[in-house]
Amino acid sequence: MSFVFSKENLERIEALKSRYPSPKALLLPCLWMAQYQEGYISLDAIEVIGEVIDMPPMELYRVATFYTMFNLEPVGKYHIQLCKTLSCALRGKAQILAQLSNRLGIKPGESSQDGKYTLSQVECLGSCGTAPVMQINDRYYENLTPEKIDTILESLEEES
Ligand code: FES
């Protein structure tokens, strides 16, 4: 197995064990730690987590595939997740998607060739009142317009 939890994450897992009734309750925190550490959750990571919390890897895999916030494939440095649900759809999601696709040269489900961007469409991000909404890594961008997309992408380019 090529996945190994970092020393810091192993310490966090040990500390969390005392707060939960059974090691299996650490399932979601462990999946998050693996994703933050590697950028995605590999099958190797699922095997390792299974050993750490004493859970069959297949059960872990079922949970990891149920939640769309877990990436089971590598993603770009900036993972753009655009909401495709009703409020966002009614408030211009299609134009936002077109702007993102045109600017980045990728379609939903694809990553840019330089590995910088991955574009995904996701279900409701829970911010319907500020639709259309997208999430890039851990940050929300709300009340989007095609012009705002240009500004956001330019600021990401300056950042990197
Ligand atoms: S419908 Fe897009 S955030 Fe809820």
Side-chain angles (χ1 to χ4, degrees), residues 3 5-6 8-9 12-13 16 19-20 24-46 49 53 55 57-160:
F3 178 83
F5 270 121
S6 66
E8 295 75 27
N9 278 335
R12 291 173 67 201
I13 291 166
L16 285 171
R19 292 170 42 188
Y20 289 94
K24 286 182 180 154
L26 289 171
L27 166 65
L28 292 178
C30 284
L31 287 171
W32 276 120
M33 281 184 237
Q35 180 158 296
Y36 274 108
Q37 184 179 307
E38 300 287 303
Y40 77 108
I41 300 167
S42 64
L43 291 178
D44 278 353
I46 285 179
I49 295 169
I53 66 171
M55 182 181 268
M58 184 48 75
E59 273 184 54
L60 265 159
Y61 186 76
R62 285 202 315 242
V63 173
T65 53
F66 175 79
Y67 291 108
T68 56
M69 68 277 235
F70 293 125
N71 307 317
L72 299 178
E73 300 286 334
V75 293
K77 178 179 178 188
Y78 299 111
H79 186 195
I80 301 172
Q81 299 177 79
L82 176 64
C83 174
K84 64 177 180 180
T85 311
L86 189 61
S87 298
C88 291
L90 291 173
R91 295 200 16 103
K93 183 274 296 181
Q95 292 91 326
I96 302 303
L97 178 59
Q99 190 73 1
L100 284 166
S101 286
N102 287 340
R103 289 285 308 238
L104 300 172
I106 54 176
K107 293 187 220 130
E110 295 179 347
S111 295
S112 58
Q113 281 192 336
D114 60 5
K116 226 181 212 178
Y117 300 98
T118 298
L119 179 58
S120 304
Q121 289 196 92
V122 296
E123 298 298 338
C124 181
L125 289 169
S127 187
C128 316
T130 57
V133 178
M134 70 179 178
Q135 180 178 354
I136 303 180
N137 298 346
D138 289 334
R139 183 168 171 195
Y140 270 34
Y141 296 85
E142 300 159 292
N143 296 306
L144 294 170
T145 61
E147 296 73 30
K148 274 190 181 176
I149 294 298
D150 289 342
T151 307
I152 292 163
L153 293 179
E154 278 155 25
S155 73
L156 294 179
E157 283 300 316
E158 286 166 16
E159 224 175 71
S160 53

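Ligands are counted one by one from 1 in listed order, and the atoms in each one are counted from 1 as well. Treat the numbers as computed from the prediction; the structure is a model and nothing was measured.
- You'll find the side chain of I152 reaches within 4.5 Å of the side chain of L144, heavy atoms only.
- Under the rule for a side-chain hydrogen bond (donor to acceptor under 3.5 Å, both in side chains), the partners of Q99 that lie at least two apart in sequence or sit in another chain are D150.
- Residue K107 qualifies as open at atom NZ: its count of foreign heavy atoms under 6.0 Å is 12 or below.
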- Verdict with supporting geometry, K24 and E59, salt bridge (Lys or Arg N to Asp or Glu O under 4.0 Å): CA-CA 11 Å; K24 286 182 180 154; E59 273 184 54; 5.8 Å; no

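- When the shell of 6.0 Å around OH of Y61 is examined, it contains 12 or fewer heavy atoms from other residues, nucleotides or ligands.
- For Q113, the CD atom counts as loosely surrounded, since its 6.0 Å shell holds 12 or fewer non-hydrogen atoms of other residues, nucleotides or ligands.
- For atom 2 (Fe) of ligand 1, the set of protein N/O/S atoms nearer than 2.8 Å consists of C83 SG, C88 SG, ordered by chain and number.
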